[in-house]
Amino acid sequence: MYIRDAAFTLLLAASSVFGATTVVGRGCASTPSDAEVRIAEAKFKTEQVAPITAATAAAKTISVYFHVVSSGSSPSQGNVPDSQIANQISVLNSNYASTGWSFVLANTTRTVSSSWFTSAGPSTSQQTAMKNALRQGGAAVLNVYTVGFQSSATSGLLGYATFPSSYSSAPKDDGVVILYSSLPGGTTTNYNFGQTLTHEAGHWFGLYHTFQGGCSGTGDSVSDTPAEASPASGCPTGRDTCSASGVDPIHNYMDYSYDSCMTQFTAGQSSRMASQMATYRGV
């Protein structure tokens, strides 16, 4: 089953001076339905492979191919500098330290394409062309594409990712697409510390949103993330939308809080990542 998360759709206010983007909230363009999750999880149970408990650090190091797609040569046209990419890899390594996974930049490609930069998005022909031309490596290699999301169909998107279970049926489609200005030091206000890629990589590792399923059912299929009725916005300390399971996990990387509010994965999420990666990505 193929599930795509066009996560982090943003409601954009007017751009301020110097190109900074003011974001007033996060939403999800195509969160998997509870029915889709039930099907995916039933399939996962029949196919699940036990993680290699003694996996070496090298085996748990993910090679990252960064594909910078821009409309021109300047940073404001999406041509993010190498320093921001290096900082993004550092953010990933810091955010995933507790999970045992680490990241190393394998290569950076740079492509000037106004069409891809403007219009690449979930299920678009521009995205298909972009990924078919640029994607590198196999199932356990993370391909990251930075674009502008500036067409009427993609405007407001902050990022989206594919899940591990979809790799075998659509290997060229595998990876993460994010807004170029969400990298550390970018111009997207409240979402420019690098946690957009941390969140989207979480989906690539097999995690759902913490608010998946709301207050009932199996939620995000992780037992130690308290149930949450709806996405968080900002950093609402003490928010508690489901009465039975504790305060909302607003600090979790798989919620919708501001980047500055996101600080953790849980042990259960780490275990799920290991199982999903062993089952669908062979590591």
Side-chain angles (χ1 to χ4, degrees), residues 7-8 10 15 17-21 23 57-58 60-97 99 101-121 126-127 129-138 140-150 154 157-162 172 174-205 253 258-260 262:
F8 286 174
L10 308 180
S15 294
V17 293
F18 306 119
T21 300
V23 176
K60 296 192 74 173
T61 298
I62 301 298
S63 293
V64 181
Y65 287 85
F66 236 94
H67 305 292
V68 177
V69 176
S70 64
S71 62
S73 60
S74 71
S76 64
Q77 293 173 303
N79 190 29
V80 295
D82 289 340
S83 58
Q84 279 189 282
I85 295 172
N87 288 339
Q88 180 67 79
I89 297 296
S90 295
V91 168
L92 284 178
N93 279 315
S94 175
N95 293 170
Y96 280 83
T99 71
W101 296 97
S102 62
F103 303 83
V104 61
L105 181 64
N107 190 35
T108 301
T109 68
R110 295 182 181 275
T111 304
V112 177
S113 172
S114 293
S115 176
W116 294 355
F117 179 76
T118 300
S119 302
Q126 292 85 359
Q127 176 206 239
M130 177 181 73
K131 289 183 173 181
N132 283 343
L134 300 179
R135 194 187 185 283
Q136 300 181 48
V141 168
L142 176 59
N143 282 256
V144 178
Y145 307 82
T146 59
V147 299
F149 295 137
Q150 293 180 350
T154 62
L157 210 61
L158 187 55
Y160 60 96
T162 58
K172 277 288 189 180
D174 186 67
V176 168
V177 184
I178 59 173
L179 182 65
Y180 77 95
S181 55
S182 70
L183 268 62
T187 58
T188 303
T189 305
N190 295 321
Y191 308 100
N192 57 354
F193 288 9
Q195 273 67 34
T196 292
L197 183 53
T198 298
H199 175 102
E200 299 304 341
H203 293 310
W204 185 83
F205 276 102
Y253 294 117
Y258 287 167
D259 279 12
S260 60
M262 291 179 161

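As the structure is a computational prediction, the values presented were derived from the model and not from experiment.
Nearest heavy-atom pair, Asp259 versus Asn192, reported as atom, atom and distance to 0.1 Å: OD2-N, 3.3 Å. Of all the heavy atoms in Ser70 and Gly78, the pair that sits closest is CB-C, 3.6 Å. Listed here is the closest heavy atom pair of Val69 and Ser113: CG1-O, 4.1 Å. Here the closest non-hydrogen pair linking Ser119 and Gln126 is CB-CD, 3.6 Å. Summarising the geometry of Met130 relative to Ala120, their closest heavy-atom pair is CE-CB, 4.0 Å, with the distance given to 0.1 Å. Nearest heavy-atom pair, Gly72 versus Val112, reported as atom, atom and distance to 0.1 Å: N-CG1, 4.1 Å.
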| Please walk me through it: do Tyr65 and Arg135 pass side-chain contact (heavy atoms from CB on, under 4.5 Å)? | CA-CA 8 Å; Tyr65 287 85; Arg135 194 187 185 283; over 6 Å; no
| side-chain contact (heavy atoms from CB on, under 4.5 Å) between Val91 and Phe193: does it pass, once the steps are laid out? | CA-CA 8 Å; Val91 168; Phe193 288 9; over 6 Å; no
| message | Show, in sequence, the C-alpha distance, side-chain angles and deciding distance for Met262 and Thr198, and conclude whether the side-chain contact (heavy atoms from CB on, under 4.5 Å) test is met. | response | CA-CA 10 Å; Met262 291 179 161; Thr198 298; over 6 Å; no
| Hey, mind stepping through Phe117 and Tyr180 against ring pair (Phe, Tyr, Trp, His ring centres under 6.0 Å) and telling me if it holds? | CA-CA 9 Å; Phe117 179 76; Tyr180 77 95; 5.5 Å; yes
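Looking only at side-chain heavy atoms (C-beta outward), Val147 and Thr154 stay at 4.5 Å or farther from each other. Here the side chains of Leu183 and Ile178 are in contact, with some heavy-atom distance below 4.5 Å. Lys131 places none of its side-chain heavy atoms less than 4.5 Å from the side chain of Asn143. Here the side chains of Thr188 and Leu179 are in contact, with some heavy-atom distance below 4.5 Å. Counting heavy atoms from C-beta outward, Asn79 and Val68 have side chains that approach closer than 4.5 Å. Side-chain contact check for Val144 versus Val64: some heavy-atom pair is nearer than 4.5 Å. With contacts defined as side-chain heavy-atom distances shorter than 4.5 Å, the pair Phe103/Leu197 does not qualify. Within the 4.5 Å cutoff, side-chain heavy atoms of Phe205 are placed close to those of Tyr96.
Taking the six-membered ring where tryptophan is involved, the planes of Tyr191 and Tyr258 are perpendicular, since the angle between them exceeds 60° and thus also 30°. Ring-plane geometry between Phe149 and Tyr160 is classed as tilted, the angle between the planes lying from 30 to 60 degrees on a 0 to 90 degree scale.
The stretch residues 81-93 participates, sequence neighbours left out, in these side-chain hydrogen bond (donor to acceptor under 3.5 Å, both in side chains) pairs: Asp82-Arg110. Pairs passing the salt bridge (charged side-chain N to carboxylate O under 4.0 Å, His left out) check and including a residue from residues 175-198, sequence neighbours excluded, do not occur.
The side-chain hydrogen bond (donor to acceptor under 3.5 Å, both in side chains) check on Thr146 picks up nothing, with sequence neighbours excluded. Take Thr111 and apply the side-chain hydrogen bond (donor to acceptor under 3.5 Å, both in side chains) test, not counting sequence neighbours, and it matches no residue. Shown here are the side-chain hydrogen bond (donor to acceptor under 3.5 Å, both in side chains) partners of Gln136, two or more places apart in sequence or in another chain: there are none. In this structure Thr109 satisfies the side-chain hydrogen bond (donor to acceptor under 3.5 Å, both in side chains) test together with His67, sequence neighbours excluded.
Side chain to side chain, Ser74 and Gln77 meet the donor-acceptor criterion of an N or O pair below 3.5 Å.
The distance from atom NE2 of His199 to atom OG of Ser182, rounded to the nearest 0.5 Å, is 11.5 Å. Summarising the geometry, atom OH belonging to Tyr253 is positioned 10.0 Å from atom OG1 belonging to Thr99; distances are rounded to the nearest 0.5 Å. Residue Ser102 holds its OG atom at 10.5 Å from CD1 of Ile89, rounded to the nearest 0.5 Å. Distance check, rounded to the nearest 0.5 Å: CD of Gln150 to OG of Ser114 gives 9.0 Å.
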